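See below for the structure under consideration.
Note that this is a predicted model, so its numbers are computed, not measured. Indexing begins at 1, ligand by ligand and atom by atom, following the structure's order.
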Amino acid sequence: MENLTPHLIQWYPGHIAKARRQLQEQLKQADLVLEVLDARIPQASRHKEIRRLIGERQCLVILNKSDLIPASLLRRWVDWFEARGEQVFATNSQDGEGVRAVLRATQTKAALVNERRERRGMRPRAVRAAVIGFPNVGKSALINRLVGKRVAESAAKPGVTRQLRWVRISEQIELLDSPGILPPRLEDQHSAVKLAICDDIGQAAYTVTRVAAVAVELLIPLIPERLKERFGVDPRVVQGEAWLAEVADLKYHGSLDRASEQLLVDFRHGQLGRVALEIPMVEVAPENPPA
Ligand SMILES: Nc1nc2c(ncn2[C@@H]2O[C@H](COP(=O)(O)OP(=O)(O)O)[C@@H](O)[C@H]2O)c(=O)[nH]1
Ligand SMILES: [Mg+2]
């Protein structure tokens with residue numbers, strides 16, 4: 001990703017400010033938080049200020065779209081979060097896999113919240129859980145699965161959910177579906193471009209060909225064979241933007257836009273197989289210095 005300029009991805013400052021206000025509003029009302037991440041990019045899809053904003057609230061981390069990455073990597077990510085003391089769940093909110101475990105954990109947390117309220121002499125009430133995450137990571141799909149019916153609008157278009165809305169999922173629990181949160185700052189272009197590649201980005205301005213060029217750079221070492229099969233050009237021979245240009249010539253009448261669009265669409269829909277764009281960094285203990 002060397003060829004990133006500082007402004008490859010631009011969010012509109014007004015949208016960031018609004019998303020931030022909404023996030024704070026949601027968290028103020030929430031007893032616990034379900035933080036939904038995109039399993040393909042667990043780090044880039046984690047809001048940088050989120051730990052501080054969540055504060056003392058209980059939190060479950062959800063690695064959603066887990067069907068889009070290899071099982072072995074999913075395992076490593078789960079271990080990585082658990083090693084940090086975070087309670088983490090892998091889900092596929094499209095077919096419901098892993099969602100029951102999230103529901104059970106949410107119920108357990110809800111019971112804890114009410115025990116605490118009772119100890120303080122407060123009356124038990126439905127516990128409020130805020131489902132937060134970047135646009136399009138699958139918050140609404142997860143909520144629909146948790147409720148067991150379609151209550152939240154879930155769609156491929158980032159930013160479909162517009163207002164805060166409480167959804168009752170049981171006697172004890174209300175969930176808050178919300179519009180996506182947005183990045184607190186624009187400088188982190190490495191994360192931003194990954195969010196764009198995965199379409200977890202909401203309304204942002206970027207040039208599809210440039211985002212696709214970065215996607216190609218990331219994907220070539222991971223799935224060269226698959227790219228060759230799908231697009232007819234061997235990325236081990238021509239790389240990066242030159243590869244996209246050849247694909248454009250070969251398949252899209254020279255349209256770099258269409259080649260770029262197709263590459264991103266294929267990746268986003270899992271058509272290129274299970275591909276993770278981030279792997280957990282294991283902190284290696286320093287070796288003993290030689291005596
Ligand atoms: N492959 C896959 N797609 C998912 C999953 N969860 C949600 N989606 C899809 O991702 C898109 C965005 O989902 P949505 O629930 O609207 O995201 P939200 O903006 O966070 O509420 C939709 O097209 C969903 O069908 C999942 O676990 N796996
Ligand atoms: Mg939504």
Heavy-atom proximity to atom 8 (N) of ligand 1, picking from Arg40, Arg268, Lys65, points to Lys65

For Asn64, all residues meeting side-chain hydrogen bond (donor to acceptor under 3.5 Å, both in side chains), sequence neighbours excluded
Thr91, Ser93

State whether Trp80 and Arg76 meet the cation-pi test: NZ (Lys) or CZ (Arg) under 6.0 Å from the six-membered ring centroid, and within 45° of the perpendicular axis.
no

Any donor-acceptor pair under 3.5 Å linking the side-chain atoms of Lys251 with those of Gln262?
no

Is there a nitrogen or oxygen of Gly138 sitting under 3.5 Å from a nitrogen or oxygen of ligand 1?
yes

Closest by any non-hydrogen atom to atom 21 (O) of ligand 1: pick that one out of Ala39, Ser140, Ala90.
Ser140

For the Mg ion (ligand 2), decide whether Ser140 has an N, O or S atom at a distance under 2.8 Å.
yes

Proximal candidate to atom 28 (N) of ligand 1 [heavy atom criterion; set Val131, Asp67, Leu63]:
Asp67

Would one find an N or O of Leu68, backbone or side chain, under 3.5 Å from an N or O of ligand 1?
no

Tell me, do Val214 and Leu8 make a side-chain contact under 4.5 Å, heavy atoms counted?
yes

Could you list the atoms of ligand 1 found under 4.0 angstrom from a heavy atom of Ser93?
6 (N), 26 (C), 27 (O)

Using side-chain heavy atoms (C-beta onward) and a distance below 4.5 Å, is Thr106 in contact with Val127?
no

Partners meeting ring pair (Phe, Tyr, Trp, His ring centres under 6.0 Å) with Phe89 (sequence neighbours left out)
none

